[in-house]
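These notes are about the structure you will find just below.
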Amino acid sequence: MDGLSQSHTGRSGFPPAYLDRVGSSFTDFLASAAPDLLPGRRPVPQIPVGDLTPHGTTIVAVTYADGVLMGGDRRATMGNLISSRDIEKVYPADSWSVIGIAGAAGIAIEMVKLYQVELEHYEKIEGLTLSLDGKANRLAQMIRGNLGAALQGLAVVPLFAGYDLDAAPGTTPGRIFSYDVTGGNYEERGYAAVGSGSLFAKNSLKKTWRTGLGGDAATRTLVEALYDAADDDSATGGPDPVRRLYPIVYRVDAEGAVRLADDEVAGVAKTVIDERAAAEGQG
(Lines give C-alpha, C1' and ligand atoms only; values in the text may rest on other atoms or scores of the structure.)
Protein backbone atom coordinates (compact mmCIF):
# COMPACT_ATOMS: atom_id res chain seq x y z
CA MET A 1 0.00 0.00 0.00
CA ASP A 2 2.81 2.38 0.89
CA GLY A 3 4.47 1.68 -2.44
CA LEU A 4 1.21 2.35 -4.29
CA SER A 5 0.68 5.60 -2.40
CA GLN A 6 4.23 6.75 -3.18
CA SER A 7 3.77 5.97 -6.88
CA HIS A 8 0.43 7.71 -7.05
CA THR A 9 1.27 10.89 -5.18
CA GLY A 10 4.98 11.29 -5.89
CA ARG A 11 7.45 12.88 -3.53
CA SER A 12 6.24 15.03 -0.64
CA GLY A 13 2.62 14.09 -1.32
CA PHE A 14 2.40 15.92 -4.67
CA PRO A 15 1.33 14.16 -7.89
CA PRO A 16 4.32 13.31 -10.12
CA ALA A 17 3.35 15.91 -12.71
CA TYR A 18 4.05 18.65 -10.17
CA LEU A 19 7.58 17.49 -9.46
CA ASP A 20 8.92 15.32 -12.27
CA ARG A 21 8.16 17.38 -15.36
CA VAL A 22 10.81 19.85 -16.44
CA GLY A 23 9.74 22.58 -18.84
CA SER A 24 8.99 26.27 -19.13
CA SER A 25 5.48 25.94 -20.61
CA PHE A 26 2.68 26.20 -18.07
CA THR A 27 0.20 25.16 -20.76
CA ASP A 28 2.09 21.89 -21.33
CA PHE A 29 2.19 21.30 -17.58
CA LEU A 30 -1.56 21.91 -17.31
CA ALA A 31 -2.20 19.55 -20.24
CA SER A 32 -0.56 16.80 -18.17
CA ALA A 33 -1.72 17.68 -14.66
CA ALA A 34 -5.28 18.90 -15.33
CA PRO A 35 -6.16 18.89 -19.04
CA ASP A 36 -9.83 19.64 -18.34
CA LEU A 37 -8.81 23.16 -17.27
CA LEU A 38 -7.60 24.08 -20.75
CA PRO A 39 -10.27 26.01 -22.69
CA GLY A 40 -9.77 23.95 -25.84
CA ARG A 41 -10.06 20.59 -24.05
CA ARG A 42 -13.59 21.06 -22.79
CA PRO A 43 -16.47 19.41 -24.64
CA VAL A 44 -18.68 21.77 -26.62
CA PRO A 45 -22.15 21.15 -28.08
CA GLN A 46 -22.11 19.66 -31.57
CA ILE A 47 -24.29 22.47 -32.87
CA PRO A 48 -23.37 26.09 -33.64
CA VAL A 49 -23.65 28.09 -30.41
CA GLY A 50 -22.01 31.34 -31.45
CA ASP A 51 -25.15 33.49 -31.10
CA LEU A 52 -25.86 32.14 -27.59
CA THR A 53 -22.69 33.52 -26.00
CA PRO A 54 -21.41 37.09 -25.54
CA HIS A 55 -18.87 38.17 -28.15
CA GLY A 56 -16.30 40.93 -27.96
CA THR A 57 -15.95 43.04 -31.07
CA THR A 58 -13.43 45.63 -32.23
CA ILE A 59 -9.76 45.89 -31.20
CA VAL A 60 -7.27 48.29 -32.81
CA ALA A 61 -3.48 48.58 -32.47
CA VAL A 62 -1.09 51.15 -33.92
CA THR A 63 2.66 51.58 -33.73
CA TYR A 64 4.22 54.97 -33.06
CA ALA A 65 7.68 56.41 -32.64
CA ASP A 66 8.26 55.08 -29.12
CA GLY A 67 6.25 51.87 -29.06
CA VAL A 68 2.73 50.63 -29.67
CA LEU A 69 -0.84 51.41 -28.58
CA MET A 70 -3.80 49.05 -28.35
CA GLY A 71 -7.43 49.95 -27.67
CA GLY A 72 -10.84 48.34 -27.70
CA ASP A 73 -14.43 49.45 -27.46
CA ARG A 74 -16.59 48.40 -24.49
CA ARG A 75 -19.51 46.56 -26.11
CA ALA A 76 -20.20 42.81 -26.14
CA THR A 77 -23.04 41.36 -28.20
CA MET A 78 -25.09 38.18 -28.10
CA GLY A 79 -26.78 37.74 -31.45
CA ASN A 80 -28.77 40.93 -32.02
CA LEU A 81 -28.62 41.92 -28.34
CA ILE A 82 -26.11 44.03 -26.41
CA SER A 83 -25.00 41.71 -23.61
CA SER A 84 -22.59 44.17 -21.98
CA ARG A 85 -21.80 47.85 -22.39
CA ASP A 86 -18.66 47.98 -20.27
CA ILE A 87 -16.65 44.82 -20.99
CA GLU A 88 -12.87 45.11 -20.94
CA LYS A 89 -11.19 43.64 -24.03
CA VAL A 90 -7.57 44.79 -23.71
CA TYR A 91 -5.25 43.39 -21.04
CA PRO A 92 -1.54 43.48 -20.21
CA ALA A 93 0.00 40.14 -21.14
CA ASP A 94 3.14 40.97 -19.15
CA SER A 95 5.22 44.06 -18.43
CA TRP A 96 6.11 44.57 -22.13
CA SER A 97 3.08 43.36 -24.10
CA VAL A 98 -0.69 43.59 -24.35
CA ILE A 99 -3.44 41.41 -25.76
CA GLY A 100 -6.87 42.36 -27.07
CA ILE A 101 -9.71 39.86 -27.46
CA ALA A 102 -12.35 39.48 -30.14
CA GLY A 103 -14.72 36.53 -30.35
CA ALA A 104 -16.37 34.39 -27.67
CA ALA A 105 -15.85 36.58 -24.61
CA GLY A 106 -15.87 33.92 -21.88
CA ILE A 107 -13.32 31.66 -23.57
CA ALA A 108 -11.25 34.66 -24.66
CA ILE A 109 -10.94 36.07 -21.13
CA GLU A 110 -10.04 32.64 -19.79
CA MET A 111 -7.40 32.28 -22.51
CA VAL A 112 -5.93 35.66 -21.60
CA LYS A 113 -5.61 34.65 -17.94
CA LEU A 114 -3.93 31.39 -18.91
CA TYR A 115 -1.60 33.24 -21.28
CA GLN A 116 -0.60 35.68 -18.53
CA VAL A 117 0.32 32.73 -16.29
CA GLU A 118 2.13 31.07 -19.20
CA LEU A 119 4.46 34.07 -19.64
CA GLU A 120 5.02 34.47 -15.90
CA HIS A 121 5.73 30.73 -15.52
CA TYR A 122 8.31 30.82 -18.30
CA GLU A 123 10.07 33.78 -16.70
CA LYS A 124 10.24 32.06 -13.31
CA ILE A 125 11.45 28.73 -14.70
CA GLU A 126 13.99 30.09 -17.20
CA GLY A 127 15.02 33.20 -15.28
CA LEU A 128 14.55 35.47 -18.30
CA THR A 129 11.79 37.08 -20.32
CA LEU A 130 10.55 35.31 -23.44
CA SER A 131 11.32 37.21 -26.66
CA LEU A 132 8.45 39.06 -28.32
CA ASP A 133 8.44 36.54 -31.19
CA GLY A 134 8.38 33.74 -28.62
CA LYS A 135 5.39 35.31 -26.87
CA ALA A 136 3.55 35.61 -30.19
CA ASN A 137 4.23 31.97 -31.01
CA ARG A 138 3.08 30.76 -27.57
CA LEU A 139 -0.23 32.56 -28.09
CA ALA A 140 -0.61 30.96 -31.53
CA GLN A 141 -0.30 27.50 -29.93
CA MET A 142 -3.07 28.31 -27.44
CA ILE A 143 -5.40 29.54 -30.20
CA ARG A 144 -4.72 26.38 -32.19
CA GLY A 145 -5.80 24.32 -29.17
CA ASN A 146 -9.22 26.01 -29.30
CA LEU A 147 -9.93 25.04 -32.92
CA GLY A 148 -12.64 22.50 -32.02
CA ALA A 149 -14.63 25.11 -30.13
CA ALA A 150 -14.02 27.66 -32.89
CA LEU A 151 -15.68 25.36 -35.42
CA GLN A 152 -18.80 25.41 -33.22
CA GLY A 153 -18.95 29.20 -33.24
CA LEU A 154 -16.81 29.85 -30.14
CA ALA A 155 -13.85 31.36 -31.95
CA VAL A 156 -11.23 33.50 -30.23
CA VAL A 157 -9.23 35.83 -32.46
CA PRO A 158 -6.93 38.06 -30.38
CA LEU A 159 -4.60 40.87 -31.33
CA PHE A 160 -1.16 40.89 -29.67
CA ALA A 161 1.32 43.74 -29.47
CA GLY A 162 4.41 44.61 -27.51
CA TYR A 163 7.65 46.49 -27.12
CA ASP A 164 10.57 44.56 -28.60
CA LEU A 165 13.44 44.75 -26.12
CA ASP A 166 15.71 43.28 -28.81
CA ALA A 167 14.79 45.73 -31.57
CA ALA A 168 17.74 46.82 -33.69
CA PRO A 169 18.78 50.49 -33.45
CA GLY A 170 16.81 52.64 -35.85
CA THR A 171 13.87 50.23 -36.10
CA THR A 172 10.41 50.68 -34.60
CA PRO A 173 10.31 48.85 -31.24
CA GLY A 174 6.53 48.49 -31.28
CA ARG A 175 5.27 45.37 -33.05
CA ILE A 176 1.80 43.96 -33.74
CA PHE A 177 0.71 40.36 -34.39
CA SER A 178 -2.66 39.15 -35.66
CA TYR A 179 -4.05 35.59 -35.76
CA ASP A 180 -6.67 33.39 -37.36
CA VAL A 181 -8.75 30.66 -35.70
CA THR A 182 -6.28 27.94 -36.74
CA GLY A 183 -3.44 29.63 -34.86
CA GLY A 184 -1.91 31.32 -37.88
CA ASN A 185 0.41 34.10 -36.71
CA TYR A 186 0.98 37.20 -38.86
CA GLU A 187 3.04 40.27 -38.07
CA GLU A 188 1.30 43.49 -39.09
CA ARG A 189 3.02 46.67 -40.23
CA GLY A 190 1.98 49.96 -38.71
CA TYR A 191 -1.56 49.14 -37.62
CA ALA A 192 -4.08 46.32 -37.35
CA ALA A 193 -7.66 45.69 -36.27
CA VAL A 194 -9.78 42.63 -35.50
CA GLY A 195 -13.44 42.08 -34.78
CA SER A 196 -16.69 42.96 -36.47
CA GLY A 197 -15.77 46.62 -36.89
CA SER A 198 -12.23 45.96 -38.11
CA LEU A 199 -12.99 46.79 -41.75
CA PHE A 200 -14.18 50.30 -40.86
CA ALA A 201 -11.37 50.81 -38.35
CA LYS A 202 -8.74 49.88 -40.94
CA ASN A 203 -10.27 52.22 -43.49
CA SER A 204 -9.95 55.01 -40.94
CA LEU A 205 -6.36 54.08 -40.09
CA LYS A 206 -5.36 54.12 -43.76
CA LYS A 207 -6.13 57.82 -43.84
CA THR A 208 -4.81 58.91 -40.45
CA TRP A 209 -1.84 56.70 -39.52
CA ARG A 210 1.67 57.77 -40.50
CA THR A 211 5.12 56.37 -39.76
CA GLY A 212 6.77 58.03 -36.78
CA LEU A 213 3.64 59.41 -35.12
CA GLY A 214 4.09 60.86 -31.66
CA GLY A 215 2.25 59.38 -28.69
CA ASP A 216 -0.59 61.94 -28.59
CA ALA A 217 -1.17 61.78 -32.35
CA ALA A 218 -1.18 57.97 -32.27
CA THR A 219 -3.73 57.97 -29.44
CA ARG A 220 -5.95 60.29 -31.45
CA THR A 221 -5.59 58.02 -34.50
CA LEU A 222 -6.57 54.93 -32.50
CA VAL A 223 -9.58 56.51 -30.78
CA GLU A 224 -10.81 57.96 -34.06
CA ALA A 225 -10.56 54.53 -35.72
CA LEU A 226 -12.73 53.02 -32.96
CA TYR A 227 -15.18 55.90 -33.36
CA ASP A 228 -15.44 55.25 -37.10
CA ALA A 229 -15.94 51.53 -36.47
CA ALA A 230 -18.79 52.27 -34.05
CA ASP A 231 -20.33 54.62 -36.60
CA ASP A 232 -20.83 51.80 -39.11
CA ASP A 233 -20.83 48.58 -37.07
CA SER A 234 -23.73 47.96 -34.68
CA ALA A 235 -21.66 45.53 -32.59
CA THR A 236 -19.03 48.15 -31.79
CA GLY A 237 -19.80 50.60 -28.99
CA GLY A 238 -18.94 54.25 -29.40
CA PRO A 239 -17.99 56.73 -26.65
CA ASP A 240 -20.77 56.97 -24.05
CA PRO A 241 -20.52 60.27 -22.10
CA VAL A 242 -23.74 59.52 -20.16
CA ARG A 243 -22.30 56.33 -18.61
CA ARG A 244 -18.73 57.65 -18.85
CA LEU A 245 -17.68 54.65 -20.92
CA TYR A 246 -14.76 55.19 -23.28
CA PRO A 247 -12.35 52.88 -25.10
CA ILE A 248 -9.72 51.12 -23.01
CA VAL A 249 -6.28 52.07 -24.34
CA TYR A 250 -2.89 50.65 -23.36
CA ARG A 251 0.47 52.17 -24.25
CA VAL A 252 3.59 49.97 -24.38
CA ASP A 253 6.95 51.71 -24.60
CA ALA A 254 10.35 51.66 -22.91
CA GLU A 255 8.61 52.19 -19.55
CA GLY A 256 6.42 49.09 -19.98
CA ALA A 257 2.70 48.53 -20.48
CA VAL A 258 0.50 51.27 -18.99
CA ARG A 259 -3.24 51.80 -19.25
CA LEU A 260 -4.17 55.36 -20.20
CA ALA A 261 -6.37 57.16 -17.68
CA ASP A 262 -10.07 57.27 -18.52
CA ASP A 263 -10.04 61.06 -18.37
CA GLU A 264 -7.26 61.20 -20.97
CA VAL A 265 -9.14 58.91 -23.36
CA ALA A 266 -12.38 60.82 -22.70
CA GLY A 267 -10.64 64.06 -23.65
CA VAL A 268 -9.46 62.61 -26.96
CA ALA A 269 -12.90 61.18 -27.68
CA LYS A 270 -14.53 64.55 -26.92
CA THR A 271 -12.18 66.27 -29.37
CA VAL A 272 -13.13 63.79 -32.10
CA ILE A 273 -16.86 64.19 -31.38
CA ASP A 274 -16.67 68.01 -31.31
CA GLU A 275 -14.78 68.11 -34.63
CA ARG A 276 -17.32 65.76 -36.25
CA ALA A 277 -20.19 67.85 -34.92
CA ALA A 278 -18.58 71.03 -36.30
CA ALA A 279 -18.08 69.39 -39.67
CA GLU A 280 -21.80 68.49 -39.73
CA GLY A 281 -22.72 72.08 -38.88
CA GLN A 282 -23.87 71.19 -35.38
CA GLY A 283 -20.98 72.67 -33.43
Would you give the length of the straight line joining atom [atom1] of [X] to atom [atom2] of [Y], rounded to the nearest 0.5 angstrom?
| X | Y | atom1 | atom2 | result |
| --- | --- | --- | --- | --- |
| N137 | Q141 | CG | CD | 7.0 Å |
| S97 | M70 | OG | CE | 9.0 Å |
| D216 | E264 | CG | CD | 7.0 Å |
| D86 | R75 | CG | CZ | 12.0 Å |
| E110 | I107 | CD | CD1 | 7.5 Å |
| Y115 | I143 | OH | CD1 | 9.0 Å |

| task | May I have the step-by-step check of side chain to side chain contact (heavy atoms under 4.5 Å, CB included) for R259 and E88, ending in yes or no? | result | CA-CA 12 Å; R259 176 173 169 172; E88 296 192 11; 3.5 Å; yes
Check this for me: does any side-chain nitrogen of one of [X] and [Y] sit under 4.0 Å from a carboxylate oxygen of the other?
| X | Y | result |
| --- | --- | --- |
| R276 | D231 | no |
| R220 | E275 | yes |
| K202 | D228 | no |

Which heavy-atom pair separates [X] from [Y] by the least distance, and what is that distance?
| X | Y | result |
| --- | --- | --- |
| A105 | I87 | CB-CD1, 4.0 Å |
| D233 | G197 | OD2-N, 3.3 Å |
| A192 | I176 | CB-CG2, 3.8 Å |
| A201 | A193 | CB-CB, 4.0 Å |
| I273 | P239 | CD1-CB, 4.1 Å |
| S196 | T236 | OG-OG1, 4.0 Å |

| request: Under 4.5 Å between side-chain heavy atoms, chaining through other members, with only Ile, Leu, Val, Met, Phe, Trp and Tyr counted: pull out the rest of the cluster around Y64, sorted by chain and number. | output: V60, V62, L69, Y191, L205, W209, L213, L222, V223, L226, Y246, V249, L260, V265, V268
Under 4.5 Å between side-chain heavy atoms, counting indirect links through other Ile/Leu/Val/Met/Phe/Trp/Tyr residues: same cluster for [X] and [Y] or not?
| X | Y | result |
| --- | --- | --- |
| M111 | L130 | yes |
| I109 | I99 | yes |
| V194 | V181 | no |
| Y91 | V258 | no |

| task | For side-chain hydrogen bond (donor to acceptor under 3.5 Å, both in side chains), just list the numbers for K89 and T57, CA-CA rounded to whole Å, side-chain angles, deciding distance to a tenth of an Å, and then say yes or no. | result | CA-CA 9 Å; K89 306 176 190 176; T57 49; 2.8 Å; yes
| query | Yes or no on side chain to side chain contact (heavy atoms under 4.5 Å, CB included) for R189 and T63, after CA distance, side-chain angles and deciding distance? | reply | CA-CA 8 Å; R189 301 296 180 184; T63 60; over 6 Å; no
| request: Would you please test D73 and T58 for side-chain hydrogen bond (donor to acceptor under 3.5 Å, both in side chains) and show each step? | output: CA-CA 6 Å; D73 76 301; T58 308; 4.5 Å; no
| message | Whether the side chain of T271 engages the backbone of G267 through a donor-acceptor N/O pair (distance < 3.5 Å, no angle test) should be reported. | response | yes
| field | Exceeds 12 heavy-atom contacts within 6.0 angstrom, atom CG of N203 | value | yes
| query | In this structure, are over 12 heavy atoms from other groups packed under 6.0 Å from E187 atom CD? | reply | yes
| Donor on one side chain, acceptor on other, S131 and D133, under 3.5 Å | no
Check: residues 158-169 side-chain donor-acceptor pairs under 3.5 Å, at least two apart:
residue: D164; atom: OD1; partner: D166; partner atom: N; Å: 2.9
residue: D164; atom: OD2; partner: R175; partner atom: NH1; Å: 2.9

| task | Go through the steps for L81 and S83 under the test side chain to side chain contact (heavy atoms under 4.5 Å, CB included), then give the verdict. | result | CA-CA 6 Å; L81 302 177; S83 62; 6.0 Å; no
| field | Check: Q116 and V112 side chains under 4.5 Å, non-hydrogen atoms | value | yes
| query | In chain order, what residues pass the side chain to side chain contact (heavy atoms under 4.5 Å, CB included) check against P92, with sequence neighbours excluded? | reply | Y250
